[in-house]
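Following: one structure in structure tokens, then a few remarks.
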Amino acid sequence: MKPFDIVIVGGGGAGLYAAMEAMKTNPALNIAVLSKVYPNRSHTSAAQGGANAALANKAKDDTVEMHIFDTIKGSDYLADQDAVDVLCSEAPKIIRELENIGTPWSRLEDNTIAQRPFGGAGRPRCCYCSDKTGHTILQTLYEQCLKKGVQFFNEYFALNLSVSGSRSNGLIAMNMKSGKVEAFPAKTVIFATGGYAKMYWNRSSNAAGNTGDGQAIAYRAGIPMKDMEFVQFHPTGLRKSGLLVTEGARGEGGYLLNKDGERFMARYAPEKMELGPRDLVSRSLETEILEGRGFDSPAGKYLHLDLTHLGADLIKSRLPQIREMSMNFEGVDPIEEPIPVRPTAHYSMGGIDTDNQTRTVMDGIYAAGECGCVSVHGANRLGGNSLLDILVFGRIAGRTAAEEAGKFTPGTISEAEIAGQWDEIRSGMHASGHYERYGELREELGQTLALNVGIFREASLLKKGIADIAELKERAKKLRIFDTSDVFNTNLMQVLELKNMLDLAETVAAGAHARQESRGSHTRIDFPVRDDANWHKHTLATQVKGKVTLGEKPVTMGRYELQERTY
Amino acid sequence: MTVPTVQHTEGKKDVTFRVFRFNPQVDSKPYFDDYTIPVEKGITVLRSLNYIKEHIDGSVSFRAFCQAGICGSCGMRVNGLSQLACTTQVWDVLAKSREPGIIKVEPLRNLPLIKDLIVDMDPLVDKMKHYSNWVDSTMPEAEMGKKEFLISEAEFLRYDKATDCILCASCVSECSILRANKDYVSPAVLLKSYRMSVDSRDSLHEQRLAELVKDHGVWDCTHCYRCQESCVKSIPIMDAIHGIREDAIESRGMKDTSGSKHAEAFMIDIEKKGKLVEATLPIRTNGVIWTLQNLLPMAVKMIMKRRTPPPPPLVKSAKGIKIFREMFREMTEHVKQDHKSHKN
């Protein structure tokens with residue numbers, strides 16, 4: 001089989017932009033996009049807020065330079081300054097390009113793209129389409145890819161890279177519709193599979209499929225992961241599902257209450273109250289729960305987000321989506337009752353270590369978007385920068401892979417290797433004797449992560465987390481697959497996803513244990529301050545002989561010196 | 001099958017999910033499996049299916065991804081109605097259930113079945129491609145990224161609602177035309193076509209429209225409104241369909257298609273008499289030759305059974321025709337005004 005020039009794994013914003021750009025760079029290339037869902041289902045669609053770009057449509061004095069500074073400060077100085085330069089400088093061009101190909105942006109009175117204020121940004125520079133920005137960007141990119149005739153392999157689940165020595169031969173994936181394991185020999189592979197925050201399961205706002213498949217594949221192939229310990233928590237997730245109740249609810253005047261009916265934020269942020277910064281509010285909710293002032297339920301402990309005093313009219317007119325979500329997912333109408341909430345894992349800053357051109361350490365392997373870590377978000381991502389990240393670095397990945405594909409000659413992927421993968425993934429179908437259930441292990445993983453590798457971290461908790469994950473990995477070898485059929489085996493896919501999450505959970509916990517400081521989203525009770533002397537550096541996690549091995553990488557500095565991060 | 005350890009706390013109901021099952025590898029035809037589980041208030045159909053898959057039968061197959069009503073993966077029929085399993089409350093469905101305590105879950109209709117609740121979405125994607133469901137920008141590729149198109153909020157609002165579509169295919173499943181003709185363009189694709197055609201950045205209006213007025217296209221819709229009623233995002237899909245038709249007749253002058261002639265004949269009759277002159281409708285729609293070739297045998301049969309519609313001279317004007325004509329003129333005027341304001 002003739003190798004593909006580029007195989008793109010993932011059909012969200014980063015993957016689709018990469019495909020488009022690669023075709024533009026060299027139309028003669030043979031490009032494939034693999035996605036485990038139809039691309040228009042990808043999690044990019046869930047991003048509501050918007051994408052930052054210093055277009056200066058709204059605030060005439062906004063500049064790329066200010067965007068750069070806000071991003072670096074927001075990252076708690078862990079972002080690489082040259083990478084942030086690329087992100088913010090490319091932003092206006094890429095937003096206009098998206099506009100030029102049909103993205104339906106909301107508009108200002110002078111008919112330019114609308115922009116609004118967002119957390120941590122000095123100017124209103126977040127470009128949006130109502131509250132469905134990610135959805136409309138994803139639709140536009142998918143439409144354009146259909147127009148260009150991009151070759152899609154929809155509902156293919158990526159299994160592993162085929163590696164000879166230090167070189168990749170391409171990708172091995174399972175066709176969900178047939179159940180067959182197929183080889184995709186490729187000169188280059190771009191991973192764009194999104195984040196891994198779903199490992200916190202029902203304590204995560206992510207889609208069920210955000211299981212870090214791309215990172216796990218790269219990790220198993222010996223490619224280092226960077227800054228995996230940095231996971232952003234959002235203060236108000238719904239109790240049962242972890243789904244997000246946006247900041248708007250508090251912006252409109254909603255109260256956070258504990259079981260004594262107390263507005264507890266008075267204790268943590270007496271001035272800003274419910275509108276304090278995201279990480280502070282998350283920590284406050286968590287403290288209330290830990291100190292026993294939360295409500296109890298079979299689905300776990302929680303607090304109240306009370307909107308009842310705002311009145312039916314305001315809730316219906318300004319917060320219709322939040323009302324709909326509360327009713328759909330908690331069975332609670334916020335006009336009549338408070339919404340049960342607790343902090344929820346929302347975004348993974350860490351990912352596959354790449355350079356500014358999205359290259360990994362392995363020849364011909366690239367990563368972009370939430371899947372990769374350039375790093376532009378450092379220890380904490382600003383709202384409106386994640387959509388921007390997938391667009392800018394998705395495009396760079398497409399262009400770089402297209403330009404470099406000619407340099408690589410992949411080896412062959414043998415029939416034996418494909419057969420080996422087939423046997424391995426299906427081994428759980430004929431488990432005898434004692435076996436483990438997928439749902440239980442996944443639940444336990446989410447629990448231990450939320451408890452021990454969650455918002456508040458501490459040496460003994462992290463040790464417990466690491467031990468739990470190791471035990472779960474062992475038990476996962478006995479995972480039973482109850483569906484023994486070939487056609488569309490979602491049970492098998494769930495088990496494979498869980499194994500991917502377990503591989504990555506190990507790196508998150510190890511990184512969190514090693515990093516003896518508090519920076520951005522990473523809060524150590526036993527090391528409560530930022531320690532620039534010892535920890536102003538990236539963490540690298542590499543799998544060596546099946547075990548996680550930690551290393552480090554310096555942060556690239558530039559115009560901005562280290563400063564205390566205050567707002 | 002029942003869960004062995006049912007713990008009944010207050011506010012829980014035993015619910016039987018009657019799930020459509022079909023595995024093409026072993027089953028010659030579909031069947032239903034019953035799963036009875038306790039469900040409390042606030043639980044969705046998708047969460048119930050997840051529970052069944054994790055605790056009772058791991059082989060029950062369905063798609064689910066965002067689980068928050070955004071991605072459109074979990075479209076299925078719940079008690080006969082196509083909707084998203086993730087935003088459908090079990091207790092709400094129970095309240096309307098014909099068989100107490102039972103919820104029937106089936107795959108979407110009008111798309112090929114793959115397994116259990118999973119259908120093949122490829123035909124829908126193929127139609128999106130066939131009808132060019134994308135903006136073909138008037139801006140040359142080399143110029144892109146340099147400057148914005150200036151677009152009014154009014155234009156944005158024209159396609160804003162249509163861009164809510166998440167391609168869940170509930171409308172596809174409910175469409176009465178698709179049940180008879182799998183080649184029919186389908187509501188979602190009409191909606192997207194409309195969205196592209198009212199976008200001033202797009203250069204494909206004419207080509208797309210030329211395709212839409214062909215067989216299996218926009219004129220095949222019979223206004224049953226089921227697409228609109230089942231839309232999980234409450235998008236007025238019929239407005240889009242009417243929009244394409246008006247576009248075809250008014251601004252594009254495509255009066256040579258049978259669909260537009262049919263609509264025009266309706267308009268003339270309604271304006272003149274307040275009711276249809278059915279006897280000559282086929283001739284006015286498809287011409288004398290087509291009518292003789294295709295409908296003559298049926299006409300003969302109708303005459304034999306004395307079921308023929310009255311000949312045109314015998315069709316009397318409806319009661320209150322004068323007031324009606326006034327209203328008709330007013331409406332026509334409104335539509336014209338609408339068109340004008342859209343173009344500006």
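By convention in this document, chain letters (A, B, ...) are assigned in the order of the sequence lines, proteins followed by strands, and residues within each chain are numbered from 1.
Heavy atoms of Tyr38(A) lying under 4.5 Å from chain B belong exclusively to its side chain. Heavy-atom distances place the side chain of Tyr438(A), and not its backbone, under 4.5 Å from chain B. Neither the backbone nor the side chain of Val26(B) comes within less than 4.5 Å of any heavy atom of chain A. Contact of Asp92(B) with chain A is not made at all, since no heavy-atom distance falls under 4.5 Å. Heavy-atom distances place both the backbone and the side chain of Ile166(B) under 4.5 Å from chain A. In this structure, chain B has a heavy atom under 4.5 Å from the side chain of Leu243(A), while its backbone stays farther away. Contacts between Glu153(B) and chain A at a heavy-atom distance below 4.5 Å involve backbone atoms as well as side-chain atoms.
The choice from Asp199(B), Ile118(B), Thr44(B) that makes the most heavy-atom pairs within less than 4.5 Å of chain A is Ile118(B). The most heavy-atom pairs under 4.5 Å with chain A, out of Glu143(B), Glu141(B), Met139(B), come from Glu141(B). If you tally non-hydrogen atom pairs under 4.5 Å between each of Gln67(B), Arg47(B), Lys53(B) and chain A, the highest count goes to Lys53(B). Between chain A and the options Glu54(B), Lys41(B), Met144(B), Glu148(B), the largest number of non-hydrogen pairs under 4.5 Å is found for Glu148(B).
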Item to complete: Please assess Glu99(A) against Arg201(B) for the test salt bridge (Lys or Arg N to Asp or Glu O under 4.0 Å), listing each intermediate value before the final yes or no.
Response: CA-CA 9 Å; Glu99(A) 194 274 347; Arg201(B) 293 168 291 191; 3.6 Å; yes
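Asn328(A) and Gln89(B) share no side-chain donor-acceptor pair at under 3.5 Å.
Under a 4.0 Å N-O distance rule, the pair Lys177(A)/Asp122(B) qualifies as a salt bridge.
Of the possible donor and acceptor atoms, one in the side chain of Asn100(A) sits under 3.5 Å from a partner among the backbone N and O of Lys147(B). In this structure a side-chain-to-backbone donor-acceptor pair under 3.5 Å is missing from His43(A) to Phe65(B).
With rounding to the nearest 0.5 angstrom, the CG atom of Asn133(B) is 10.5 Å from the CD atom of Gln139(A).
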